[in-house]
Amino acid sequence: MHPENTAGTEALILKSYIEGRWVTGKGTGHGLVNPTNGRIVATCSTEGIDFRNALAFSRTAGGPALRALTFSERAGLLGKVADALAGRRDRWFEIARINSGNTKADAAIDIDGAIGTLKYFARLGAGLGESKTLVEGQPARLSRDPNFQAIHIGVPVKGVAVHINAYNFPAWGLWAKAAVSLLAGVPVFAKPATATAWLAQEMVQCVIESGVLPDGTLSIACGSARDLLEHLQFGDVVSFTGSATTGQMVRSHPAILARGVRVNVEADSLNAAILGPDADAGSPAFEFFTREVVKEMTVKAGQKCTAIRRILVPTGQAAAVSDAIRAQLERVTVGDPGNEGVGMGPLVNMTRRVAVEEGIRKLASASETVYWANPLKLVDADTEKGAFVSPILLHVRSGEDAPVANELEVFGPVGTLIPYRDKLDAFSIAERGGGSLAASVFSADSAFLSEAALELAPSHGRILLVDPSIGNAHTGHGIVMPSCIHGGPGRAGGGEELGALRGLWFYHQRVGVQASATTLTSITQQGTNPATSAS
Ligand code: NAP
């Protein structure tokens, strides 16, 4: 074990939990680093793991065990998983600091977000009661004889849910997907991103050791996915989170296409925040807007899929907004996330730093740089060894001026200020992101806010409308709430996750059942209607 793993001198070797036992992959595997100093803290490998057998075990052991339980019994399991994880919260924060470069505030979004989401679905699931089937809507009459009717019901798919996650949320990514899948009655096969698999792996180990989950309901592969997708079958589902490029590859994998495996993709996104035409410098909407932009740019060093990338402001306010954001960015301290005075830590590793620096060069070549701390002054860290970049604010002249600002997601603390002429121009620039996860609009004019919502809706998954009455109460542009859907159209992947009980449908087969009223009644009496359950 590496000293940072609490004892010894060797890097920790992360095992995978496959077919109900812990296994170590062959070879040296991939190194996971501490991005603050570049030291390797753990390694992992999936070489030699038989993914065919691994998935088969989840299907044959985990699936039946979960399907035998009612929604409320599965919800009980989620509650116990949350309790087990909450008991070791300090450890999760330690790993997030060491392996993800997270400050406490960064880690809280991931870790408390994970535990909170599990608890949320435990509560919702309890409200579904002692049933195992979803019932949708009311019976519909199909013919002249009123006795012949139809209803739609949902039953859990009989396969395994393969959850492929991005590196930036090793805890929330894992448990937000697992909560819904387990509640739906579908076993989980988690594939965390290798760079930060340590936190996911140790959390899974904690839950397995707590003994709350039936065999086969939770597995984890730490390391490369190798031939995992080749062994998918009809009835399996894949929920992918990551870059658009990998998402496309997953979506078009021959086994997935040939066997009709259902896929949900959460990919990258060029989220916009819009300052309303009414919000002059110094107004509450203006202040809430600039504060939110700076928070979104710097939390997790900008490594949030929902982070604000494009800052849309009325042309007449561009200078004032730029001054206000720059002044706040100047106060952000960058360095070792273990130092309480540090506001922003490093990116996840040097590979990502190189990619972000390359992206910044592309964006900056088409824009004016408003803020960039160069040289970057670090607290308790060395710029040669750590994966640090400065927060950067760029400025283009108009929405048409720099297409790259609407097309290139730079996954770091980078925002581009884009002035708009009028409200229609603002909506059109937002839409040029090609489909985004989230947009936020700041204004004191509720007519403008509601118009913005309807205009932005076709190209977004979630819209946050901030008038001053909720300036301090809202949960944040970039925070995914389990009660709201997460996902976005177009380049954001076209996926949809969470959203309270809506998320259950991804793991269910929806089927139309046509029969006599009596027969339908006997089916529906065994089910539960998520739209009317206590939630
Ligand atoms: P990534 O490189 O696309 O990797 C995502 C996941 O796919 C990782 O677990 C990766 O495993 C796995 N993967 C890679 N090749 C695979 C293959 N051939 N078969 C199966 N799985 C494979 O993304 P990332 O760098 O981890 O995350 C950053 C990106 O994710 C950003 O673009 C961000 O916008 C996006 N993101 C989106 C959301 C959202 O909800 N929409 C949330 C977070 C992040 P390895 O790590 O082993 O390569």
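Nothing here was measured: the structure is a model prediction, and the numbers come from that model. Atoms within each ligand, like the ligands themselves, are counted from 1 in listed order.
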Under a plain distance cut-off of 3.5 Å, with no hydrogens placed, do [Y] and [X] share a side-chain donor-acceptor pair?
| X | Y | result |
| --- | --- | --- |
| N271 | S269 | yes |
| Q233 | R52 | no |
| T241 | K177 | yes |

- Geometric N/O contact S224 with ligand 1, under 3.5 angstrom: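 The answer is no, given that S224 and ligand 1 share no N or O pair closer than 3.5 Å.
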
- Say whether N168, considering both its backbone and side-chain N or O atoms, lies within less than 3.5 Å of an N or O atom on ligand 1.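 No.
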
What is the closest protein heavy atom to [atom], and at what distance does it sit?
| atom | answer |
| --- | --- |
| atom 27 (O) of ligand 1 | A166 CB, 3.4 Å |
| atom 32 (O) of ligand 1 | E409 OE1, 2.9 Å |
| atom 36 (N) of ligand 1 | C305 CB, 3.5 Å |
| atom 40 (O) of ligand 1 | H486 NE2, 2.7 Å |
| atom 11 (O) of ligand 1 | K191 NZ, 2.9 Å |
| atom 41 (N) of ligand 1 | A267 O, 2.8 Å |
| atom 4 (O) of ligand 1 | T246 OG1, 4.3 Å |
| atom 25 (O) of ligand 1 | R352 NH2, 2.4 Å |

- Query: Can you tell which of R310, R432, R309 makes a side-chain hydrogen bond (donor to acceptor under 3.5 Å, both in side chains) with N406?
  - Reply: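 Of the listed options, the one satisfying the test is R310.
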
- Message: Tell me which one of V263, V180, V237, L498 satisfies side chain to side chain contact (heavy atoms under 4.5 Å, CB included) with F506.
- Response: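 Testing each of V263, V180, V237, L498 against F506, the sole residue satisfying side chain to side chain contact (heavy atoms under 4.5 Å, CB included) is V237.
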
- Item | Test item, F411 contacting ligand 1 (heavy atom, 4.0 angstrom) |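 Contact check F411 vs ligand 1: positive.
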
- Task: Decide whether the shortest distance between a heavy atom of L228 and an atom of ligand 1 is less than 4.0 Å.
- Result: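 No; L228 lies far enough from ligand 1 that no heavy-atom distance drops under 4.0 Å.
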
- Message: At under 4.0 Å between heavy atoms, is it the side chain or the backbone of T306 that contacts ligand 1, or both, or neither?
- Response: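 Neither; no heavy atom under 4.0 Å.
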
- Query: Which of the atoms of ligand 1 are close to P192, meaning less than 4.0 Å from one of its heavy atoms?
  - Reply: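 Selected atoms, number and element: 9 (O).
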
- What is the distance from atom CG of L14 to atom OG1 of T46, rounded to the nearest 0.5 Å?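 The CG atom of L14 sits 12.0 Å away from the OG1 atom of T46.
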
